[in-house]
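Single-structure report; data block below.
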Amino acid sequence: MVLKVFNTLGRKKEEFIPVNPGEVRIYVCGPTVYDYIHIGNARAFVVADVVRRYLRYKGFKVKYVSNITDIDDKIINRARELGISTQELAETYSNAYLEDIAKLNIERPDVMPRATQHIPEMIEAIERLIEKGYAYVVDGDVYFDISKFKDYGKLSGNRAEALEMGARIEVNPKKKNPADFALWKSRKPGEPGWHSPWGKGRPGWHIECSTMAQKYLGETIDIHMGGKDLIFPHHENEIAQAEALTGKPFVKYWLHNEWLTVEGEKMSKSLGNFVTVRDALKICSPVVLRFFLISAHYRSPLDFNRAALKTAERNLERLVRALERLNSIPEREDRTVEDEKLILKVEAEKRKFEEAMDDDFNTPLAISALFSMARLINSYADENKTIERTAKLRVLKVFVDLLGVLGVKWAADKRETRTDELFKGVLELLIDVRNELRRMKKWEIADHIRDELRKMGIILEDAGKETKWTIKREDA
RNA sequence: GCCGGGGUGGCCGAGCGGUUCAGGCGGCGGGCUGCAGACUCGCUGAACAUGGGUUCAAAUCCCAUCCCCGGCUCCA
């Protein structure tokens with residue numbers, strides 16, 4: 001089965017064929033570290049993480065690079081507000097970013113280049129662009145001349161002529177064309193700056209990504225990802241810079257995710273509805289947030305709200321329960337027809353999962369295959385008291401591997417339970433007493449105990465003579 | 001003005017020319033349970049924004065209309 005991806009460049013699904021067979025090089029635009037990342041950022045990073053995991057699952061060797069933008073206007077302004085250095089600010093929020101993605105089980109990029117550590121490379125790239133006639137210097141600033149790059153607009157569909165008409169572009173008299181963009185910005189008083197052939201200054205935002213992407217991944221990379229808002233101007237400009245420099249295609253496949261809305265509205269500063277990952281994790285667990293973020297296709301809009309989180313939680317719970325149930329079925333030596341049937345059906349669902357993912361990473365459809373698997377497992381468990389050992393391991397492995405593609409860790413994400421021995425001892429004693437009452441058919445008292453414990457967040461579930469207990473989290 | 005994405009059952013959300021119209025949530029009923037939960041089976045809901053058209057066949061293609069949302073400016 002071939003993998004198809006929707007390429008923004010061309011706006012259609014294409015078969016995915018990496019530049020080098022068996023190997024995929026991915027670049028993802030990382031955060032500008034001037035604040036905590038929000039759930040929209042998280043969506044982009046989770047989507048990219050799923051792409052990375054699935055490609056690896058398919059057997060590709062994946063190299064994944066994602067930058068950290070640690071110098072730009074927003075950082076400078078924020079640092080000034082807080083009265084700290086830009087380095088200090090960037091350091092603080094870089095660490096916060098790393099903590100946040102770790103919680104969401106987003107794997108660390110293989111390389112996480114920082115802009116400020118690649119100034120020489122960027123200066124060199126800018127010099128070459130000037131030499132080649134694609135850029136010009138004005139009063140210590142360097143601009144890219146889009147009129148020299150004839151493919152300008154091929155990604156976004158914007159035409160240079162149309163952009164000139166765009167009334168909202170601030171007219172900068174230094175620019176030859178209003179849509180020309182800065183490669184190097186001269187230092188203003190009070191701003192940090194680096195020495196360059198054009199005087200002290202700092203790099204423009206776009207040159208950072210294309211330079212670092214090419215440094216670590218080569219002249220033509222396989223996949224470049226980001227939110228759709230980056231299509232223009234950021235990615236358009238990256239293409240211009242990179243291709244002007246090398247004369248070769250910069251990126252083979254551009255993948256862009258849709259927006260996340262909050263209660264039906266776009267997150268924005270003016271509405272004051274920015275939800276950081278940290279805010280979100282106050283009302284749901286990380287794995288639920290992650291699962292929610294992939295519950296719609298990455299190119300569809302998705303709305304963040306309590307009901308949606310609640311649904312995500314229940315759905316995930318269903319899958320994990322099935323997995324745990326399978327894991328707890330006692331094993332036996334001989335294999336039965338039922339075991340064979342289970343394996344065959346599970347394998348069929350596995351194929352459905354793969355087909356869904358092969359079709360431009362259709363996670364909601366893939367997840368539906370997981371639900372079918374859960375149903376198969378539950379039905380099996382309803383009708384069989386034991387399972388043959390290797391059959392169990394095989395089904396378990398399929399299930400765990402597929403959840404792993406989605407980045408849902410099973411073992412590590414088990415419900416938090418108190419490990420406090422005293423607490424456990426007392427609770428288990430209480431459960432024993434309650435079961436004794438049940439044996440004596442003292443239902444009122446037994447139910448009262450269950451109800452009261454529930455109010456405290458302790459859930460009792462009777463399954464025959466056994467009683468399982470779990471602690472329900474306060475959230476949701 | 002220039003580019004672009006959408007409108008699918010109570011809700012979420014796949015499908016994008018053709019078997020019973022995914023899957024989940026919710027609701028109803030049965031099974032299992034002392035009850036509850038979990039699980040399971042069945043049902044649910046005349047779903048495809050509207051009006052035309054193309055086709056043997058359209059939620060899926062075309063045209064028009066209405067309505068949402070976004071990019072063109074820092075933004076995932």
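To find a chain, count down the sequence lines: A is the first, B the second, and so on, and within it residues start at 1.
Each of A:D73 and A:L302 lies near RNA chain B, and the nucleotide nearest A:L302 is the one positioned closer to the 5' end. Remark on RNA chain B: of its neighbouring residues A:G227 and A:D303, the 5'-side contact belongs to A:D303, judged by nearest-heavy-atom nucleotide.
Taking the six-membered ring for Trp and thresholds of 30 and 60 degrees, A:H235 and A:W254 have ring planes inclined between 30 and 60 degrees apart. Note on ring orientation: taking the six-membered ring where Trp is involved, the planes of A:F149 and A:Y152 are perpendicular (angle over 60°, cut-offs 30° and 60°).
Contact annotation for A:E258: base contact, defined as any heavy-atom pair under 4.0 Å involving a base atom.
For B:rC72, the paired nucleotide is B:rG1, the pair qualifying as Watson-Crick or G-U wobble because both relevant distances are below 3.5 Å. A 3.5 Å limit on both hydrogen-bonding distances identifies no Watson-Crick or G-U partner for B:rG37. Using Watson-Crick or G-U wobble geometry with both donor-acceptor distances under 3.5 Å, B:rC43 finds its partner in B:rG27. Across the strands present, B:rA64 finds its partner in B:rU50; the criterion is a Watson-Crick or G-U wobble pair with both atom distances under 3.5 angstrom. When both pairing distances are held under 3.5 Å, B:rA14 makes no Watson-Crick or G-U pair with any nucleotide shown. Under the Watson-Crick or G-U wobble criterion, with both distances below 3.5 Å, B:rU55 has no partner in any strand shown. Across every strand in view, B:rU20 sits unpaired, with no contact that passes the Watson-Crick or G-U test at under 3.5 angstrom.
Other residues, nucleotides and ligands place more than 12 heavy atoms under 6.0 Å from the NZ atom of A:K174.
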(message) For A:F181 and A:H206: C-alpha separation, side-chain torsions, deciding distance, then whether ring-ring contact (aromatic ring centres under 6.0 Å, His included) applies.
(response) CA-CA 9 Å; A:F181 56 91; A:H206 316 297; 5.4 Å; yes

(message) side chain to side chain contact (heavy atoms under 4.5 Å, CB included), that's the test. Do A:R114 and A:N67 meet it? Break it down for me.
(response) CA-CA 6 Å; A:R114 287 164 193 255; A:N67 67 299; over 6 Å; no

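The existence of a salt bridge linking A:E81 and A:R78 is confirmed by a sub-4.0 Å separation between a basic side-chain nitrogen and an acidic carboxylate oxygen. The existence of a salt bridge linking A:D462 and A:R450 is confirmed by a sub-4.0 Å separation between a basic side-chain nitrogen and an acidic carboxylate oxygen.
One cannot find a donor-acceptor pair under 3.5 Å joining the base of B:rA76 and the side-chain atoms of A:H256. For A:R299 and B:rG5, a side-chain-to-base donor-acceptor distance below 3.5 Å is absent, hydrogens and geometry of angles not being considered.
A:K352 has its NZ atom 18 Å from the P atom of B:rA14, to the nearest Å. Straight-line distance from the CZ atom of A:R321 to the P atom of B:rU40: 11 Å, rounded to whole Å. One atom, CD1 of A:I329, and another, P of B:rA38, lie 19 Å apart when rounded to the nearest Å. Rounded to an integer number of Å, the gap from CG of A:D462 to C1' of B:rC32 is 14 Å. Between the CG atom of A:N315 and the C1' atom of B:rC11 there is a distance of 12 Å, rounded to whole Å. To the nearest angstrom, P of B:rC32 lies 22 Å from OH of A:Y380.
OP1 or OP2 of B:rG71 sits under 4.0 Å from a side-chain N or O of A:K266.
Within a heavy-atom distance below 4.0 Å of RNA chain B, the residues of residues 353-377 of chain A found are A:N362, A:P364, A:L365, A:S368, A:F371, A:R375.
Both stacking criteria are satisfied for A:W443 over the base of B:rG34: a centre-to-centre distance under 5.5 angstrom and an angle between ring planes under 30 degrees.
No cation-pi contact links A:R11 to A:F6, judged by a cut-off of 6.0 Å to the six-membered ring centre and 45° from its axis.
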